Structures are given as C-alpha cells and as structure tokens.
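Here the structure is laid out as structure tokens; the discussion comes afterwards.
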Number of protein chains: 2
Amino acid sequence: MHPPIGETLHRLLHAYKRALREGYATAGIELTVAQIRMIKGIAGDPNASAQDIATRTRQDKGHIARLIRDLEGLDLVTRRPHPQDSRYRQLLLTDAGRALAERIAEVEAEAGTRMAGQLPANDIERFIDIAEAMIANLEPRENPL
Amino acid sequence: MHPPIGETLHRLLHAYKRALREGYATAGIELTVAQIRMIKGIAGDPNASAQDIATRTRQDKGHIARLIRDLEGLDLVTRRPHPQDSRYRQLLLTDAGRALAERIAEVEAEAGTRMAGQLPANDIERFIDIAEAMIANLEPRENPL
DNA sequence: CCCGATTAGTTGACAAAATCAACCAATGCA
DNA sequence: TGCATTGGTTGATTTTGTCAACTAATCGGG
C-alpha cells in the first residue's frame with residue numbers, strides 16, 4: 001500500500017536533513033542547515049540580492065536577512081551595494097565562504113548518494129521532475145500563462 | 001536541468017505545508033500541522049502508544065508527549081492505561097477528535113489533489129515509492145538483513 | 001525473590017526554523 | 001513633487017525539533 005504522500009514527505013525531508021546534519025558534523029562544519037542553504041544559494045548565483053534568494057527559496061525575507069547577517073559575521077559572505085540601485089545589496093562569498101561551499105558540496109553529494117542508494121539515476125531524475133511539477137501546482141500563480 | 005534534490009525537497013515540503021495551513025485555516029481548524037499529524041497518526045492506529053508513534057514518525061518522544069498532552073487538553077484525544085503493561089498509555093480519539101479527523105482528511109485530500117494537479121496517478125504512486133525507498137536508504141539499519 | 005537493565009512517558013531547557021508586522025531608505029513614476 | 005513600490009532590517013512570536021535528566025513500570029538473570 002501507499003502511505004499518504006504528506007507523511008512520506010515529512011519523513012523524507014526529516015531523514016535527509018538528519019543525514020545532512022550528521023555529514024556536516026563529521027566534516028567539522030558548524031553551521032545550521034538553513035545557513036548552509038544560504039551559502040549554496042549565494043554560491044550558485046553570485047551577486048544575487050537577499051530578495052532574489054527569498055523569492056527563489058520562498059522564504060521570509062526577514063529570515064533571510066538574519067541568516068545573511070550571521071554569515072557575514074562569520075566572514076563567509078560579504079555584501080556590497082548595487083552600482084545602479086542602492087536599495088539592493090549584492091551578495092558574494094568570501095574566500096573562506098567559497099572554500100566552505102566546496103566542502104558542503106562534497107557532504108551533500110555524499111548524502112545524496114546515500115539517499116539514492118541502489119535506485120537507478122533514472123528514478124532520481126524522475127523524482128525531481130515530479131517534485132518540481134508538484135511545487136508548481138501548489139504555488140499560487142500570479143501570472144498564469 | 002535538474003535542481004539539486006535537497007533544494008527541491010525543501011521547497012516541496014514547504015509549499016505543501018503552506019497549502020495545508022491555508023486549507024486548515026479556511027476550514028476553521030485551529031491546530032498546528034504537527035498536532036494534526038498526531039491526530040492522523042492516532043486515527044490510523046487506535047490504541048497505539050506515544051512510543052509507537054514516535055518510532056513510526058521518527059520524532060522525539062518528548063515532542064510527541066507534549067503534542068498529546070495539548071490534544072488531550074483540547075478533548076480531542078484520551079489516554080487510558082494498557083491493561084497488561086501499565087507503562088503504556090493507549091491513545092484514542094474522542095468523538096470530537098474523530099469528527100475532526102474526518103474534516104482533516106477532506107482538507108488533505110484537497111491539498112493532495114491540488115498538489116497532484118494534472119499528473120497521472122501513476123506518477124504519484126511512483127513518487128511515493130521512490131520517496132519511501134530513499135527514506136529506507138537513509139535510515140540507519142540496526143538490523144541489516 | 002531481588003536487582004540491574006530496559007522501556008514508556010514526562011519534563012526542562014534550548015536551538016532551529018518560520019511567520020507576521022512595522023519600519024526606513026532608495027527608487028520609479030504619474 | 002508627491003506617492004506607491006521595493007529591498008532590506010528589526011522585533012516579537014510561534015512552531016518544530018533536539019538533548020538530557022528523571023520517574024515509574026516491567027523484564028530477566030542469578
């Protein structure tokens with residue numbers, strides 16, 4: 001039988017986050033999962049603004065602002081004003097931040113491999129595609145095409 | 001391209017929980033997502049103990065104990081001692097609890113339908129199967145067979 | 001039968017994650 | 001110029017999750 005999808009999702013993300021935390025801990029990375037998500041977000045899109053990341057990850061901008069502030073305090077991220085529009089603050093990783101991002105990528109790849117286990121790569125791709133489709137279904141479309 | 005699976009999972013559960021909260025709110029159900037998970041857990045397995053639910057949902061037993069205490073305070077759940085082993089406390093829904101569970105099921109079915117969107121039922125089942133497989137991969141097996 | 005180990009449950013303390021609202025500064029536009 | 005909008009910051013709070021200590025009940029071996 002198929003368990004309800006909601007329960008499955010809860011348990012899966014829970015298990016995955018636990019695996020990540022363990023991986024980070026053994027790698028000596030002392031950041032929270034949310035902070036690490038931020039690092040990855042900035043690494044994957046340099047010069048993005050906090051607002052960009054907030055909308056992309058669908059998270060509260062206040063929450064994001066605090067995460068960035070903390071990461072800046074740890075000298076992992078720097079902010080510089082946008083040359084044209086000084087409301088924005090472009091986000092960049094410091095050297096330490098970039099080095100950390102690489103280590104994070106390793107840990108995540110490991111966790112991902114462990115999670116994938118014996119599943120064929122095909123299934124994983126399919127899983128992600130379905131998940132993205134479901135996200136799109138859930139999101140209130142302001143600009144339905 | 002495929003976004004990293006971790007990000008996808010985060011966003012999916014986030015979007016799903018938001019959809020649930022909205023559904024609960026419009027249905028006039030004033031409980032948190034975690035409390036509602038508990039109600040469902042008890043509804044689906046009457047006479048289960050707190051420990052049963054903790055292990056099944058992989059959640060901290062202290063967390064579970066508090067949720068149950070609150071739900072009992074709301075007259076949605078009752079506890080009675082196990083006839084043979086008085087360490088256990090069997091969990092049961094009250095009449096109000098059962099009535100609520102039905103309304104919850106409706107809201108969740110709706111959210112599930114919305115999330116599934118145009119996706120064929122086939123894909124959804126496949127998704128759940130893959131997710132369950134990944135959970136199994138992540139869980140530390142104490143009894144590897 | 002007794003004693004130590006185990007198990008279910010409770011509680012305290014806390015950390016992490018998320019939410020909501022108010023607010024300021026810079027920008028864009030009518 | 002005046003006003004709505006946007007990016008960002010901060011405060012307050014709620015929800016969720018984690019770890020540890022503790023009680024009470026049960027189990028199992030000597």
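Naming convention: chains lettered A, B, ... in sequence-line order (proteins, then strands); numbering from 1 in each chain. Hydrogens, waters and symmetry mates are skipped; everything else that's a heavy atom, side chains included, is used. As the structure is a prediction and not an experimental result, all values here were calculated from the model.
When the side-chain nitrogen and oxygen atoms of B/Gln59 are compared with OP1 and OP2 of D/dG17, one or more of them lie within a distance under 4.0 Å. Between B/His14 and C/dT19 there is a side-chain N or O to OP1 or OP2 distance below 4.0 Å. Close to D/dG17, at under 4.0 Å from its OP1 or OP2, lies a side-chain N or O of B/His63.
Both A/Val33 and A/Leu13 are members of a single hydrophobic cluster when ILVMFWY side chains are connected at heavy-atom separations under 4.5 Å. Under a hydrophobic-cluster definition in which Ile, Leu, Val, Met, Phe, Trp and Tyr are linked whenever side-chain heavy atoms come within less than 4.5 Å, directly or via other members, A/Ile29 and A/Tyr16 are assigned to the same cluster.
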Detail all sub-3.5 Å separations between protein N/O atoms and N/O atoms belonging to nucleotides 22-24 of chain C.
none

Dump every N/O contact between nucleotides 13-16 of chain C and the protein below 3.5 Å, one line per pair.
residue, atom, partner, partner atom, Å
C/dA13, N6, B/Arg66, NH2, 3.4

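In this structure, A/Leu67 atom CG and D/dG8 atom P are separated by 14 Å, rounded to whole Å. Rounded to an integer number of Å, the gap from CD1 of B/Ile64 to P of D/dT15 is 16 Å. A/Asp60 places its CG atom 12 Å from the C1' atom of D/dA12, with the value rounded to the nearest Å. As a whole-Å value, the separation of A/Arg18 CZ from D/dT18 C1' is 9 Å. The distance from atom CD1 of B/Ile53 to atom P of C/dT10 is 12 Å, rounded to the nearest whole Å. As rounded to whole Å, 15 Å separates atom C1' of D/dT16 from atom CG of B/Leu31. As rounded to whole Å, 14 Å separates atom P of D/dT15 from atom CZ of B/Arg69. Nucleotide C/dA18 holds its P atom 11 Å from the NE2 atom of A/His10, rounded to whole Å.
A distance of 10.0 Å separates NE2 in B/His10 from OG1 in A/Thr57, rounded to the nearest 0.5 Å. Taking CZ from A/Arg58 and NE2 from B/His14, the interatomic distance works out to 10.5 Å, rounded to the nearest 0.5 Å. One finds the CG atom of A/Leu100 at 6.0 Å from the CG atom of A/Leu76 (value rounded to the nearest 0.5 Å). The CD atom of A/Glu102 sits 9.5 Å away from the CZ atom of A/Arg98 when rounded to the nearest 0.5 Å. Going from atom CD of B/Glu30 over to atom CD1 of B/Ile36 covers 10.5 Å, rounded to the nearest 0.5 Å. Expressed to the nearest 0.5 Å, how far CE of A/Met38 lies from CG of A/Leu93 amounts to 9.0 Å.
A 4.5 Å side-chain heavy-atom check between A/Leu138 and B/Leu12 finds at least one atom pair inside the cut-off. For the pair A/Asp123/B/Arg126, a side-chain contact is recorded, criterion being any heavy-atom separation below 4.5 Å from C-beta on.
Across all strands shown, A/Arg37 has no heavy atoms under 4.0 Å from either base or sugar-phosphate atoms. Among the protein residues, B/Arg79 comes within range of the sugar-phosphate backbone only, with heavy atoms under 4.0 Å from sugar or phosphate atoms but none that close to a base.
Judged by distance alone, with hydrogens and angles left aside, the side-chain atoms of A/Asn47 form no donor-acceptor pair with the main-chain N or O of A/Gln90 at under 3.5 Å.
Between B/Tyr88 and B/His82, the ring planes lie tilted relative to each other; the angle falls in the 30° to 60° range.
Non-hydrogen atoms lying under 4.0 Å from DNA chain C are contributed by A/Gln84, A/Asp85, A/Ser86, A/Arg87, all within residues 81-94 of chain A.
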